[in-house]
Each structure stands twice: as structure tokens, then as C-alpha cells.
Asker: 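My questions all concern the structure below.
Order of the sequence lines fixes the chain letters, A, B, ..., with proteins taken first and strands second; residue numbering starts at 1 for each chain. Quantities reported herein were computed from a predicted structural model and do not represent experimental measurements.
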Amino acid sequence: MPGAGTVIARRGLILLFSFILIIVIISAIIEGSGYSKDIYDALVRESVNAEIMALRRGNPNVTDSFIREYRENLTIYYRKMYGLIDEQGREIPPYVRMWNLVKRALTLDLGKTDKVEVANVVPTIAPASVFEIIATVLPRTIIVVTVGELIVVIIALLLAPRIAYRHGTLVDRLVVAYAAIFTAIPIWWLAMIFIQIFGYQLGLFPTSLRGVATVLNKFWDNPLLNFIEVLKYITLPITVFVIWSLGSWLYGLRAMLLRVVREDYVTVAKAKGLPEKDITRKYVLRVSLAPVLTNVILALASSLGGMIITESVFDWPGMGTLYYNAITAADSQTIMGLFVVYVGVYLIARFILEILYIIIDPRVRVK
Amino acid sequence: MSVPPGSNPKTQKSIKIVQSLKPIFGEIWRMTPGKVAIVLLVFLIAMSIVAVTIIPADFITKWESPTYWEDNPVVAPPCWVSSFGYKVPATLQAYTSEPNQVLFEGNALTAEQAFNYNLDVDKLPQDIYIKVNAPLLCYKNQYGEEVRVTPELRVVVERPDGIVFEAWHVTLRYAENITCGSLLTYKTGKESFNLASLINEMLTKYNITVPEDIIGYNKSHTSTVSAILRTTIRSELENRYLTTPSVFVTPDRVSVTLRSTEQNSTLSSFKITLSELLAALKSDNVDTFSRRVVLENLNNAVNNITVLLSSIQLATYSDFVDDLTNARNSLDQAIKWSMDPDARVPGDLRTRMQDAREKLNKYIETITSTTELIYPVVTFKPLQGDYKVTVNLVYSGLPTKPEQVNMRIGFIVKGGCYGILGTAAKGIDIASVILYGTPIALLIGLVAAVASVMIGVVAGIVSGYYGGLVDEAIQRTVDILSNIPFLPLMIIIGSIAQKSFTGEARSLYIILLYLVILIIFSWGGLAITVRAMTLSIKEEPYVEAARALGASNTRIIFRHIFPQVMMYATAALVFRVPDAILTEAGLSVLGLRHGWPTWGSLLADARAEYRYDIWWWIIPPGLMLSLTSLTFVLLGLAIERIVEPRLRTL
């Protein structure tokens with residue numbers, strides 16, 4: 001029987017393999033479909049422009065013809081460097097170039113973007129490093145998802161045991177109906193409706209959350225005041241997230257608790273006349289703790305991706321809005337970078353969660 | 001079961017399937033979620049059938065082009081809002097191919113059509129125009145040459161306040177290569193709108209003039225002043241009311257003021273400049289005749305301005321213009337005489353005099369042509385009542401009456417509301433898109449669900465039944481697929497598709513690609529469950545018995561395993577239908593557009609324009625998405641309870 005270490009190592013290997021495999025497949029698709037042309041063009045243009053700027057600054061009286069020649073030579077140089085042409089100036093075929101792309105993706109060498117719309121999400125000045133943009137923006141997404149998830153779990157843990165005891169009553173049915181309805185409603189549409197009602201009709205919250213970026217960037221200047229300011233922005237997305245995901249959480253938790261509630265030892269505890277509060281805490285919730293925690297952890301990883309569209313609807317300056325702006329500006333460089341980072345973060349998150357899972361739930365180790 | 005004689009085995013089989021479905025249907029109907037689901041499903045299917053039968057075939061390609069919705073108001077609410085107290089002007093799109101009157105008199109063919117519009121609210125329509133389809137008529141003259149006769153379009157508007165004016169008068173222009181008899185579509189626009197005539201009529205009708213106490217004693221200025229008034233009204237109507245809706249406005253408040261005290265600083269600076277010049281010229285004590293004339297004229301100019309300044313509160317427009325003109329004329333004389341060498345005026349002083357003269361002249365021009373001094377404020381309000389619009393299409397110079405003239409005359413008032421669900425940007429009719437989006441949504445949902453369930457069931461059975469290497473391969477594939485976040489992958493492949501696919505079938509390919517990726521990523525979970533089921537069924541005694549009797553693998557799979565897996569797979573299938581629909585919509589909202597008229601596309605438009613404030617734009621498509629999704633969630637819940645009776649107590 002393998003120990004915890006072996007299990008973890010095997011999972012790690014599978015996740016790593018998945019990561020490399022998907023990067024290779026995507027690189028192949030990108031090269032095969034000709035989508036990479038934009039990426040390379042942007043890279044070469046960016047590098048050449050940077051050198052010419054440096055040249056102009058160094059010697060102000062270079063002639064235009066010299067610069068033109070210099071630019072041509074540099075372009076050839078960089079095209080060679082990025083593996084587009086070989087020493088003889090011949091085009092290198094896509095199936096060879098593909099590995100360069102894989103290497104750059106795996107070393108997080110994501111290049112620069114010259115699209116203003118994309119840089120505006122931070123906000124910073126284009127051209128800007130894609131990796132730096134993503135690194136600034138990612139935490140903003142994580143804040144919303146984590147805080148939202150925590151609130152949902154707390155509410156669900158408070159409510160679910162009460163419902164589990166009242167199985168079959170009106171309240172119980174209402175919860176099931178609530179769950180069914182909110183599974184059916186797309187969360188990003190709920191976001192639109194909330195902006196319409198609370199932003200436009202009632203005027204309680206800002207209708208576009210883009211403004212939070214500047215507040216977050218200078219957060220530590222005056223943490224208390226800025227915190228209140230951030231609250232003004234963050235309330236709406238978190239409320240939408242909580243209302244939307246509460247349904248499925250309650251439903252899942254209720255089903256899980258129903259199974260526990262029917263166990264013999266709970267019946268015995270009831271027969272002994274223990275107060276309902278104690279039964280819930282000591283006999284029901286404690287047993288369900290491990291699966292609940294796993295669920296929390298897995299939900300965190302999956303809502304990281306699930307919030308992309310919702311964020312873009314809110315114009316919350318996180319990964320979702322970055323995605324939206326990169327797509328509408330047709331910025332291949334950033335889209336590729338986002339993909340690499342997203343998959344990487346997701347897989348790392350899953351790996352950590354699986355380790356936690358093994359630590360929390362001893363049964364997994366035995367299985 | 002008795003089968004009527006003569007029916008072929010195929011119908012027998014289908015009857016059998018229908019009969020076996022009947023109790024299942026009954027059971028679904030018995031449960032509340034099932035009942036709701038079936039009602040919703042019937043509603044969706046009915047909508048799809050209506051959509052497929054009534055909507056034109058080219059809708060799918062043309063629905064995004066602005067010309068397709070040209071006659072619709074832009075971002076207008078549905079018309080039923082007026083019964084909830086939100087008053088909006090009505091939208092009118094009247095077309096006729098048979099004009100009220102077709103006359104042939106004195107070599108001219110005149111088609112006349114009258115339209116009526118009633119404005120009963122205190123708001124303005126978005127636009128008003130006439131659209132004609134008129135043929136090019138030709139005849140042969142005595143030399144046998146073909147003569148082309150082009151029509152003249154005249155539109156006369158009669159307003160409720162009695163104003164009658166010619167809103168448009170244009171001659172239609174046909175390109176050289178247009179053959180006789182072919183139709184030209186012409187739409188009247190704001191460029192050809194006769195705003196000047198409307199303004200004239202309004203000025204006369206409402207007696208809007210600049211008061212005489214502002215003009216002052218010199219009545220010759222009246223025309224200049226009223227030109228300023230007219231320009232002001234014109235720019236107000238062009239900029240605030242976008243020209244053509246001016247048909248529906250009437251002056252509300254008119255006031256004309258003379259901004260005389262505002263001129264104080266300008267006039268003082270002129271006075272200072274001229275006085276300085278005067279002082280400089282006096283200081284060098286040259287006493288020639290020319291110099292005296294120069295000094296005298298300069299002094300006059302200073303005096304003119306000083307007089308004006310001293311009584312600026314009481315000054316009229318005439319005082320301003322006449323005094324300043326006198327000052328300028330004196331300055332002209334001074335400059336003229338300063339050219340005389342005898343005057344011995346230094347060159348720099350002469351230049352300064354010329355500069356001052358230029359500035360003064362420019363200032364006079366400013367106050368006589370802009371609202372700098374005369375300041376009219378005119379506001380307008382909607383004029384309610386009945387409007388009568390008469391359209392004349394005149395072909396003059398025809399020797400004989402043509403036998404048949406096909407024409408179409410349209411009168412469009414883009415009001416403040418449209419149809420049953422209103423319009424989005426570009427005037428897109430939301431109801432049409434909602435209707436046509438239904439079959440598309442159901443189709444993509446079902447295709448993706450069926451394909452993914454089929455793959456899942458086959459892979460699960462194969463994996464469970466045969467085991468070994470195949471099993472291992474399938475299990476690892478599922479493992480890897482479940483590790484890859486779906487949406488980021490979908491986005492990157494979607495954006496590659498946006499660039500790579502071109503041509504007519506682009507939308508179809510993009511949607512197919514979405515479906516393929518969705519299918520690839522969604523069969524895994526089902527395969528694992530089916531594999532587990534297969535593993536346990538495989539060990540059942542009756543399967544062993546069948547095998548002992550010599551049943552082939554195929555027979556065992558189809559006879560014993562598949563039927564048991566099928567019901568479960570059906571529930572899984574129903575649950576999966578919304579996935580593809582919601583994925584398509586979500587990707588559209590995220591900017592990965594495909595170009596089909598789907599609910600997601602409408603929401604994507606709302607996102608792109610950031611118009612979440614328009615409820616009739618975001619609620620209907622989202623509601624349809626949610627209802628469709630809910631239908632299948634409820635249906636799935638109901639089927640699941642039949643498949644797993646244990647769930648009924650939960």
C-alpha cells in the first residue's frame with residue numbers, strides 16, 4: 001500500500017505532465033494555425049524599436065537612411081533570435097518553432113504587449129511586460145474569489161444543518177428550488193442584473209468597477225480609508241458570487257448531512273436526549289468536516305476560472321477584464337500569457353489542495 | 001401487445017419504444033419539477049417551430065448589419081411600456097405601393113401620398129424620413145433617342161400649429177449605368193432637410209424678433225441682427241435636436257439680451273491703445289498739416305469709444321456698431337494721412353495703428369456676426385398633435401402617360417418604442433433575435449450533450465468491460481483532461497479560431513469548434529461512472545450465464561449492459577444540454593463573437609456597449625438562457641429520481 005508521499009509524488013507528476021502536455025498541444029495549434037505570427041511580429045517589433053530608441057538617444061544626429069538600414073539588420077537579427085529564420089535566412093518550419101514557444105511558455109518568458117487597452121487594466125503605460133501585468137492583476141481576482149467563497153461556506157455551514165433536520169418541509173423545498181434556479185442562471189447575467197438594479201436604478205454602487213484599480217494600487221498610503229473605498233467596489237461582485245453559489249452549496253451540503261443524520265449513532269444521540277445544538281456540532285458537523293473542506297478547496301480552484309466572465313461583466317480589473325480587453329484588442333501575446341499563467345496557477349492550486357486533502361482525510365491515504 | 005396486421009417491423013419497433021416511454025413520461029409528469037420542465041420544454045419547442053417557419057432565411061447572416069434594421073429606432077423600449085405610465089412617442093413605419101393619387105397632367109406624372117402621425121407625448125421621436133423606391137422612366141423622342149426622366153421628390157409637412165413647410169425638395173439622381181425602368185431607393189436625410197424654411201416659418205408664426213429697444217435707432221441693422229438670431233436657432237436645432245426631429249418642435253422660451261457690460265474690458269483696451277498712440281504722436285511736436293489731420297482723426301476715434309464707454313449701460317446695438325464703425329473710419333483716415341511723408345509718423349507707430357485698426361475691425365465683425373454682443377437664447381419643446389405629411393413624386397416632361405409605374409413610398413417616424421421587446425443598438429429587434437435564438441440554442445445544446453454522452457457511454461463500457469491497456473489509456477486520458485481548466489483553454493482556442501476562420505461559413509465553424517472542445521472536455525466524468533456500473537454488471541450471475549451459453553461480447557454489451565446504463569445516461573444527457581448553450585453565451589459575452597443571432601450575442605452587444613442600464617436589452621436574453629437551462633435541470637432532476645429511486649426520499 002503506497003504511503004502519502006508516494007501518492008503526492010504521483011499526483012504531482014500527473015499534474016506536471018498535464019501542464020507540459022497542454023502547453024505543447026496549444027503551441028502546436030498556435031503554430032499550425034498561423035496564430036503565432038502576431039506574437040512573433042509583436043516581439044520582433046518591440047525589440048527592434050527598443051534598440052532604435054536607444055540608438056537615437058545615444059547619438060541625436062544619425063541619418064534616417066542609417067536608421068532604416070539599421071532597422072532592417074536588427075529585424076533580421078531578431079527574427080533569427082526568435083527562431084523564425086535560420087542562418088541562411090530561410091523560414092524555419094512551424095513544427096520546429098513550436099518547441100521555442102513551448103520553452104518560452106515554460107520559462108514564463110511571456111513577452112510584452114503594446115496594446116493600450118490591455119495595459120489600462122493595471123493601469124500602466126504600454127508597452128508593458130505581460131508577466132508583470134498578470135502578476136498585478138491576479139491577486140485582485142483571488143481576493144474576490146476567496147472572500148466570496150469564505151462567506152458562502154460560512155453561511156452554508158450555518159444553514160445546512162437546520163435544513164437537514166427539517167427534511168421535506170417547505171423550507172427544505174424552497175432550498176432545493178433555490179438551488180435549481182441558481183444553477184440554471186448564468187452568474188454573469190446575474191451580475192448584469194445587479195448592476196442594472198443596484199448600480200443604475202438605485203445608484204448604490206458604482207456601475208463600472210474599473211476604478212478600484214487605482215485604489216488598490218495605492219492601498220497602503222491610507223489603508224483604513226482605502227479599505228472602505230474598496231468595500232464600495234467589491235460588495236457587488238461578492239454579493240453576486242455569494243447569492244449565486246449559495247444554492248449549489250446548500251444543496252450539496254444538505255445531501256451530505258442528510259446521509260450523516262440518518263446514521264445510527266445520531267439516532268442514538270437523539271434518543272439519549274442530547275440537545276440538537278450538541279448533536280449538530282459534535283456528531284454531524286465534525287464528521288462532515290473533511291469532505292466540506294475538500295469541497296471548499298476544489299471550489300476555490302474552479303471558481304478562479306469561473307469568475308473570468310463575471311469579472312469582465314463587472315469590469316473588475318482582474319483576470320476576467322484582462323481577458324476581455326485582450327480578446328477585443330486581438331492581443332495574441334497576452335492571451336497566450338494568460339493561458340499559461342492560468343493553467344499553471346490552477347494546477348499548482350490543485351496540487352496544494354490535494355496535499356491538504358490527504359492530510360485532512362485519512363481515508364484517502366488508505367485508499 | 002397486439003400489433004395491427006400489415007404493419008412493418010420498423011413501425012412495430014417504434015411503437016414499442018413509444019409505449020415503453022409512456023410510463024416514464026407519466027412518472028416525470030407526476031413530479032412537480034418534471035411538470036414544470038415539460039411545460040417549459042413544450043414552450044421552447046413551440047418557439048423554435050415558430051422561429052423556423054416565420055423568420056426569413058437570410059436573417060442569420062444579415063441580422064448584424066445596420067441597414068437591415070434601418071427603420072427601427074435605436075435602443076428603444078418595447079411599446080407596451082406606455083401602458084405602465086412611461087410615455088413614449090409612437091414608431092410609425094408606413095409603406096405603400098399604391099399612392100393615394102396618381103395624376104397625369106400637362107406632361108407631368110404626379111404620385112401623391114399623404115401620411116399622418118400623431119405625437120401625443122412630451123418627447124421627441126428619434127428621426128423622421130421618407131424612403132421611396134422610384135423607377136427611372138424613359139421615352140423615345142422624335143429622333144429616336146432615349147430620354148431619361150428622373151423624378152422630383154417633394155415632402156410637405158403640415159404641423160398642428162398651422163405651419164406648412166416643404167421639408168424636402170430633391171431630384172433623385174440615377175447613376176449612368178442604371179437601365180430604364182429599374183428602381184432606385186432614396187432615403188431623405190438631414191443634409192437635404194430644408195431647415196431654413198422651417199426656421200422662417202417658425203419665426204413668422206411665433207413672431208420671434210429681436211426687440212427694437214435692443215437694436216436702437218438705426219433700423220438698417222435689423223437684418224444683421226435677425227441673421228444672428230437665425231444662426232443661433234439653426235445651430236441649436238442641428239446640434240441638440242439633430243436636424244430632422246426639428247419637425248416636431250416649437251419654440252418654448254425666447255429671450256434676446258444685449259451683453260453690453262461684458263464688452264467693457266475690450267472697449268477699454270481699444271481706448272487705451274488708441275490713447276497711447278495719440279500721446280506718442282503728440283509728444284514729438286511735429287506740426288505739419290498731415291500730422292494735424294492724423295491727430296484729429298485719431299482723437300475722433302478715441303472720442304467715439306469714450307462716448308460709447310461712458311454710456312455703456314444704456315447703449316443699444318446701433319450705438320455699438322455705429323460708434324465703433326465711426327471709430328474705425330476715423331482710424332482709417334488717420335492711417336491714410338500717416339502715409340504722407342509730411343506727417344513724419346515713425347514706422348513703428350504706423351504699424352501699431354494698423355494693428356489697432358485690424359483688431360477693431362475684427363471686433364466689429366465679431367459683434368455683427370456672432371452671439372458676442374447680441375445674445376439670443378431660444379429653447380424648444382415638442383409640439384403635440386396631428387402631423388400631416390404629403391409626399392409628391394413628380395416626373396415632369398413625359399410626352400405620354402406611362403402604363404404602369406411601380407413605386408413604393410415609405411414614411412418612417414422612429415419613435416421612442418418598438419415592437420414587443422424593444423430594440424438594441426443599431427435598431428436590432430430584440431424579439432426577432434430572441435425568437436430565432438431558440439432553435440439555435442436547443443440545437444447546439446442537444447448536439448453537444450448527445451455527442452458527449454455517447455462518447456462517455458462507449459468509453460465507459462469499453463473501459464469497464466475489456467479492462468487492461470484500453471482501460472488504463474482511457475482512465476489516464478480522463479485524468480489529464482480533468483486537470484486542465486476548461487474556460488482558459490476554450491478562450492485561447494476560440495481566439496485562434498477568430499483569426500483563422502474566414503469566409504461565409506465562419507460562424508458555423510466557430511460554433512462547431514466550441515462544441516468539439518466542449519465535447520472533448522465533458523465525457524470524462526460520465527465515462528468513469530459508466531465504467532464502474534459496467535464493472536459491477538459484468539460480475540452479475542446472469543451475465544456469466546449468458547457468457548456460458550456462448551453469447552458474444554457484443555450481445556452481452558447490447559443486451560445486458562447498455563440498457564441498464566441507458567437510463568442513467570439519459571439523465572446525464574439532459575443535465576448537459578445547458579452546458580453548451582451557456583458556454584456559447586459566456587464566450588460571446590467575453591468578446592469571442594461568432595456572428596449568429598443567439599441570446600448570448602445580444603448580451604455580448606450589451607457588454608460591448610456597456611449598456612446594463614437598458615433592462616429590455618439584458619433581461620429577455622438572460623431570462624431565455626436561464627429558462628432553457630432550468631428546463632433541463634428540472635427535467636434531469638425528474639429523470640434522475642426515476643433512475644435512482646433512492647433520491648426520491650432525499
Asker: To the closest 0.5 Å, what do you measure between CG (A:L338) and CD1 (B:I492)?
Answerer: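 Output value for this atom pair is 9.0 Å.
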Asker: Which atoms of B:S495 are under 4.5 Å from chain A, going by heavy atoms: the side chain, the backbone, both sets, or neither?
Answerer: both
Asker: Quick check: do A:W189 and B:L603 have side-chain heavy atoms less than 4.5 Å from each other?
Answerer: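 Yes, close enough: below the 4.5 Å cut-off.
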Asker: Can you say whether A:A330 sits under 4.5 Å from chain B via the side chain, the backbone, both, or neither, judging by heavy atoms?
Answerer: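 When you check distances to chain B, atoms from both the backbone and side chain of A:A330 fall under 4.5 Å.
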Asker: Against chain A, work out which of B:L630, B:D613, B:I480 has the most heavy-atom pairs shorter than 4.5 Å and name it.
Answerer: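 Top count of heavy-atom pairs under 4.5 Å with chain A: B:D613.
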Asker: Please determine, among A:T183, A:I185, A:T321, the option with the most heavy-atom pairs under 4.5 Å with chain B.
Answerer: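 Of A:T183, A:I185, A:T321, A:I185 has the most heavy-atom pairs under 4.5 Å with chain B.
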Asker: Is it the backbone or the side chain of B:I619 that comes under 4.5 Å from a heavy atom of chain A, or both, or neither?
Answerer: both
Asker: Can you tell which of B:L625, B:T628, B:L623 has the highest number of heavy-atom pairs within less than 4.5 Å of chain A?
Answerer: B:L623
Asker: For A:D315 and B:Y610, run side chain to side chain contact (heavy atoms under 4.5 Å, CB included): C-alpha distance rounded to whole Å, both residues' side-chain angles, the deciding distance at 0.1 Å, then the answer.
Answerer: CA-CA 9 Å; A:D315 218 11; B:Y610 217 83; 3.6 Å; yes
Asker: Go through B:P621, B:G591, B:S629, B:G622 and name the one with the most non-hydrogen pairs under 4.5 angstrom from chain A.
Answerer: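 Looking at each of B:P621, B:G591, B:S629, B:G622 in turn, B:G622 comes out on top.
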Asker: B:L489, B:V633, B:L634, B:D479: which one forms the most heavy-atom pairs within less than 4.5 Å of chain A?
Answerer: B:L489
Asker: Residue by residue, scan residues 24-31 of chain A and write down, ordered by number, those that have a heavy-atom distance under 4.5 Å to chain B; if none do, write 'none'.
Answerer: A:I26, A:I29, A:I30
Asker: By a 4.5 Å heavy-atom criterion (distance strictly below it), what part of A:R173 contacts chain B: side chain, backbone, both, or neither?
Answerer: neither
Asker: Could you check which of B:A497, B:P578, B:P488 has the highest count of heavy-atom pairs closer than 4.5 Å to chain A?
Answerer: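 Of B:A497, B:P578, B:P488, B:P488 has the most heavy-atom pairs under 4.5 Å with chain A.
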Asker: Considering only heavy atoms from C-beta outward, does the side chain of A:Q196 approach that of B:I614 to under 4.5 Å?
Answerer: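 Answer no - side chains too far apart.
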Asker: With a 4.5 angstrom heavy-atom cut-off, which part of A:F314 approaches chain B: side chain, backbone, both or neither?
Answerer: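 Backbone of A:F314 only, per the 4.5 Å heavy-atom cut-off to chain B.
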Asker: For chain A, find which of B:L592, B:L582, B:L590 contributes the most heavy-atom pairs closer than 4.5 angstrom.
Answerer: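 Most heavy-atom pairs under 4.5 Å with chain A: B:L590.
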Asker: Can you name the nearest heavy-atom pair linking A:W188 to B:G586, along with the distance?
Answerer: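 The answer is CZ2-N, 3.6 Å.
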Asker: Return yes when atom CG of B:L469 has more than 12 non-hydrogen atoms of other residues, nucleotides or ligands closer than 6.0 Å, and no otherwise.
Answerer: no
Asker: State whether a side-chain donor-acceptor pair under 3.5 Å links A:S332 with B:K499.
Answerer: yes
Asker: Can you tell me how far the CD1 atom of A:I327 sits from the CD atom of B:Q498, to the nearest 0.5 Å?
Answerer: 8.0 Å
Asker: Using side-chain heavy atoms (C-beta onward) and a distance below 4.5 Å, is B:M490 in contact with A:I308?
Answerer: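 They are not in side-chain contact.
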Asker: Is it true that atom OH of B:Y568 has more than 12 heavy atoms of other residues, nucleotides or ligands lying nearer than 6.0 Å?
Answerer: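 Not buried by this count: 12 neighbours or fewer within 6.0 Å.
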Asker: Heavy-atom distances under 4.5 Å only: say whether B:A606 touches chain A with side chain, backbone, both or neither.
Answerer: neither
Asker: Is it the case that atom CZ in B:F501 sees more than 12 heavy atoms from other parts of the structure closer than 6.0 Å?
Answerer: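 It does: B:F501 CZ has more than 12 such atoms within range.
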Asker: Counting only heavy atoms closer than 4.5 Å, note whether A:M336 contacts chain B via side chain, backbone, both or neither.
Answerer: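 Contact with chain B is through both the backbone and side chain of A:M336.
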Asker: With distance as the sole test, does B:W615 use its side chain to make a donor-acceptor pair with the main-chain N or O of A:I193 at under 3.5 Å?
Answerer: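 Absent.
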Asker: Could you tell me which portion of A:F17 (side chain, backbone, both or neither) has an atom closer than 4.5 angstrom to a non-hydrogen atom of chain B?
Answerer: side chain
Asker: Less than 4.5 Å to any heavy atom of chain A: does that hold for the side chain of B:I496, its backbone, both, or neither?
Answerer: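 The answer is both parts of B:I496.
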Asker: For the side chain of B:R607 and the backbone of A:S312, is there at least one donor-acceptor N/O pair under 3.5 Å apart?
Answerer: yes
Asker: Determine whether A:I309 and B:L587 satisfy the following criterion, side chain to side chain contact (heavy atoms under 4.5 Å, CB included), listing intermediate values before the conclusion.
Answerer: CA-CA 8 Å; A:I309 304 171; B:L587 289 175; 5.8 Å; no
Asker: Any chance you could measure B:N483, atom CG, to A:F19, atom CZ, to the nearest 0.5 Å?
Answerer: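 One finds 12.0 Å between CG of B:N483 and CZ of A:F19.
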Asker: Can you measure from OG (B:S500) to OH (A:Y35) and round to the nearest 0.5 angstrom?
Answerer: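 If we round to the nearest 0.5 Å, B:S500:OG and A:Y35:OH are 8.5 Å apart.
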Asker: Which bit of A:L347 is near chain B, if near means a heavy-atom gap under 4.5 Å: side chain, backbone, both or neither?
Answerer: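 Only the side chain of A:L347 comes within 4.5 Å of chain B.
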Asker: I'd like to check A:T207 versus B:Y612 (side-chain heavy atoms, cut-off strictly below 4.5 Å). Are they in contact?
Answerer: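 They are not in side-chain contact.
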Asker: Less than 4.5 Å to any heavy atom of chain B: does that hold for the side chain of A:Y324, its backbone, both, or neither?
Answerer: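 Backbone plus side chain of A:Y324, per the 4.5 Å heavy-atom cut-off to chain B.
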Asker: Does any heavy atom of chain B fall under 4.5 Å from the side chain of A:T310, the backbone, both, or neither of them?
Answerer: neither
